[in-house]
Amino acid sequence: MVKRVFIGTWLSLSLSNNIWAVEPLDTFTMRQVQLKEVSVISRNLAREAHQQAYAVSVVDLKRHQQEGRSLNRVLNSVASVRMRENGGLGSSSSLQMNGFQGNQVRVFLDGMPMQGLSLSQMGATMADRIEVYKGVLPVSLGADALGGAVNVVTRGALNFLDANYSVGSYHTHRAQVSGALTRPNGWTLRGSAYLNYSQNDYKVKVGVQDLTTGLVGSEQWVRRFADDHLSGGLRLEGGLTGKPWADHLLLGLTASTMSGDVQTGATMDAVYGGVRTSDWSLVPHVRYKKDNLILPGLSLQAWAGYGATNTHQLDTLSRRYNWLGHYADKATAGERSLTDAIIRLRQWQASASLSYTLGEHHQFSMNHTLQANRRRSDDRRHRDLESNNVLGTLGKHITALGYQIRYQRWNANAFVKGYALHSQTMKKVDLFQSSERWEQLASRKYHIGFGGAATYYLLPSLQVKASAERAYRLPEVMEMFGDGLIQQSNPDLKPERSDNYNVGVLLRQPVGFNHRIDFEATVIWRNARDFIQKGVSLSNNPTTGFENLGRVNTRGFELSVGYALRRELNLSATLTFQDIKDRMEYYDNTGYTGGSKIRNITYGQRLPNIPYRFGSAHADYTFFRNIPGKDARLTLSYDLNYVHRYYLAFPGLGSADSKKIIPRQLSHDAGVAYSLCRGRYSVMLECQNLTGALLYDNYRLQKPGRQVNLKFRYFINKTN
């Protein structure tokens, strides 16, 4: 029997004296031996993604599906990535990667911008894997991301059903179901849904205001009293697969709804008792893909969707609350700012990617993505204001051309992108003057970006990567027009630009049959201009707003290590350091005197409200033997998360005793999972934040304390 087994495109696996070895094909000499048995394990899609030139981390969700984790918790285990949340279940969240955050990092679902759903609401059972691109993106995504992107790839199994339910602390209930049904003639139906509820009545440590004197007392533990959250979502796709004229043609619909209380403002200095927000969203879409279209090697992928979202912001009570839930009447209505507004957002989005593979080594690609947004806010409490019910429009066009060359031991790609932004809204001019008025504001901006990435295999298991790009990120609707409640508008926002560089090394080394060692290290440079930073007004009634910073530089590195022993043991750890500083030394004085330059007092200081040193560790062990039950297994898991202390404002401002610091944070999670019948039935018990440590995120907003969750799962596919 021939002992040679091919793996991928240029490696072979050979056996001699019962020892397996990996060798490049060009140095391999054919030999033959007689074997009793040969097992071939194919390379999975996650490993294929790692072999690209892009700086990409791929998370295979199969293990996390068994543990029943949410996608935001999974992402926190990836080096340089942090999911930042403003509180408990349903609170607003943002994704941070390599010093960029929020809309600077794009989120996709099967290559389409994620609309109507959020990572914090979705569980690992709803997806197959997560691709985390750190820097240069594939041309096919057609995005204007500045610091990278996350692409959630849904499960591609032909026939399966996966349902789970969990109940936990703070009156929390979560239910999720996903499945697919495919007929032999190619008809398919796929879907997923979730329903979440929580009172979020966890305790926080805050100072309580005396409503009579206005004085704030010393900190004490109190329970949140107005933070209920209810949300649900549904995603369906149906159509044809495996046809001569289409690999797939799918029609889909995403629907979601949410309602909940708003307990605090931008910081915990403001506390509300009757402010509420709710929304609903409908996003129909179509997806098409065909390889070898007309010509061998010619491929087309396209999608289009229309999104309708209505958001209701309600703040009408004539009260002031403190953290004990007590209130005092006041003369004016509105706890923060009187509003009863409905914000209507309508989005058209479409993208088409065409690629042509020439021979074995060359590929040319082209993508065009467009987005048209129309936003109108109707505040029923301010019908007479000139600024009410004003139409705001925002249009984007992104065109990309790419080229890839691929050989056995190396591959590289290069691209160029064109960006166009058109916006129109109303803006108040001549502030605080007798001529103060609202005027129509229209803007058109055009930019060109470019970049490339390359990778080379020093050894079959040792890979080096490098990438460089000039990227632009165009402002979003919420950043320019606000949310009608806490987020203020800024129609003057400019696109931000960044020169990004990544250099990394990746080692994936099997050791015999039973062991595998993974190691990855990356050094990053980011030089951004017109950096869009979210700021907060540190007042008694704080709000947030986005503004451009002249120059921001990021220097940093990330490390991740892993070890696996067969299917039983998995160990991993990550460490991230990022030094993000304001590098704008002077700025123009655009005030009433104008014409001069002023030295920037925050020059050389770290940007506030961004952690710069953090890490994580994970361990799990699965028992397959001597476990009662048919095909049973027992899994123990442990997670550690660490965030070094950082400042809420620029560290060089204010006196030492007045600086607000987000302290060092260390949290521990532990869980145990028991399953029967090869995973068909599972029950899991987990405890998050075992020690009940004080945990903070954006603007020192406290996150929940100790949480205990009990989860049940039923999973079946055509093979079990």
Side-chain angles (χ1 to χ4, degrees), residues 84-94 170-171 197-217 219-231 258-279 311-343 377 379-382 478 482-489 534-545 648 660 696-705:
R84 308 182 67 190
E85 299 175 286
N86 288 349
L89 180 65
S91 63
S92 60
S93 60
S94 63
Y170 318 122
H171 304 89
Y197 171 77
S198 180
Q199 289 187 12
N200 288 316
D201 54 345
Y202 59 91
K203 288 186 175 182
V204 292
K205 190 176 183 181
V206 293
V208 177
Q209 184 183 46
D210 187 311
L211 295 174
T212 303
T213 65
L215 299 177
V216 178
E219 290 186 341
Q220 58 180 292
W221 286 99
V222 299
R223 190 173 295 279
R224 295 169 75 100
F225 60 91
D227 202 12
D228 284 15
H229 169 81
L230 176 65
S231 63
M258 181 279 296
S259 63
D261 299 316
V262 179
Q263 178 73 91
T264 69
T267 72
M268 295 181 69
D269 294 327
V271 54
Y272 307 136
V275 180
R276 288 189 61 83
T277 182
S278 61
D279 64 42
T311 302
H312 185 203
Q313 308 279 20
L314 182 66
D315 179 10
T316 58
L317 293 183
S318 302
R319 294 176 177 178
R320 291 185 298 113
Y321 279 85
N322 66 15
W323 275 107
L324 295 177
H326 303 158
Y327 68 87
D329 294 330
K330 64 176 188 174
T332 59
E335 298 179 61
R336 192 201 70 81
S337 178
L338 177 63
T339 184
D340 185 2
I342 296 179
I343 302 172
S377 177
D379 195 331
R380 289 172 283 194
R381 293 301 183 113
H382 300 287
M478 191 68 71
D483 68 357
L485 187 63
I486 296 174
Q487 180 65 52
Q488 302 301 296
S489 65
K534 186 177 183 179
V536 60
S537 62
L538 298 178
S539 61
N540 292 331
N541 203 0
T543 60
T544 60
L648 180 60
K660 291 193 175 183
Y696 304 91
D697 234 322
N698 293 316
Y699 305 110
R700 201 180 164 90
L701 294 169
Q702 287 186 31
K703 301 171 70 172

Polar side-chain atom of [X] near backbone of [Y] as donor-acceptor pair, under 3.5 Å:
X: His382; Y: Ala341; value: no
X: Arg320; Y: Asp329; value: no
X: Trp323; Y: Gln220; value: no
X: Gln209; Y: Gly214; value: yes
X: Glu335; Y: Asp315; value: no
X: Asp697; Y: Asn86; value: no

With rounding to the nearest 0.5 Å, note down the distance linking [atom1] in [X] to [atom2] in [Y].
X: Thr311; Y: Met478; atom1: OG1; atom2: CE; value: 6.5 Å
X: Arg380; Y: Leu314; atom1: CZ; atom2: CG; value: 8.0 Å
X: Thr332; Y: Leu338; atom1: OG1; atom2: CG; value: 8.5 Å
X: Ser91; Y: Lys703; atom1: OG; atom2: NZ; value: 8.5 Å
X: Thr264; Y: Asp269; atom1: OG1; atom2: CG; value: 10.0 Å
X: Ser259; Y: His229; atom1: OG; atom2: NE2; value: 8.0 Å

State, with a plain yes or no, whether a side-chain heavy atom of [X] is found less than 4.5 Å away from one of [Y].
X: Val222; Y: Leu324; answer: yes
X: Val216; Y: Val208; answer: no
X: Val206; Y: Glu219; answer: no
X: His312; Y: Asp279; answer: no

ring-ring contact (aromatic ring centres under 6.0 Å, His included) involving Tyr197 - partner list, sequence neighbours excluded:
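Residues passing ring-ring contact (aromatic ring centres under 6.0 Å, His included) with Tyr197: none at all.
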Please report the closest heavy-atom contact between Ser198 and Tyr170, naming both atoms and the distance.
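Nearest pair, atom of Ser198 first, then Tyr170: OG-O, 3.3 Å.
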Begin with the C-alpha distance, continue with both residues' side-chain angles, and end with the deciding distance and a verdict on side chain to side chain contact (heavy atoms under 4.5 Å, CB included) for Phe225 and Asn200.
CA-CA 8 Å; Phe225 60 91; Asn200 288 316; over 6 Å; no
Evaluate Arg224 against Asp261 for salt bridge (Lys or Arg N to Asp or Glu O under 4.0 Å), listing each step before the verdict.
CA-CA 11 Å; Arg224 295 169 75 100; Asp261 299 316; over 6 Å; no
Does a donor on one side chain and an acceptor on the other come within less than 3.5 Å for [X] and [Y]?
X: Thr316; Y: Asp340; value: no
X: His171; Y: Asp201; value: yes
X: Asp379; Y: Thr339; value: yes
X: Gln313; Y: Thr277; value: yes

Passing option when Tyr696 is tested against Arg84, Met268, Gln702 for side chain to side chain contact (heavy atoms under 4.5 Å, CB included)
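Only one option passes, and that is Gln702.
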For Lys203, what residues pass the side-chain contact (heavy atoms from CB on, under 4.5 Å) criterion, not counting sequence neighbours?
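So Lys203 forms a side-chain contact (heavy atoms from CB on, under 4.5 Å) with Trp221, Arg223.
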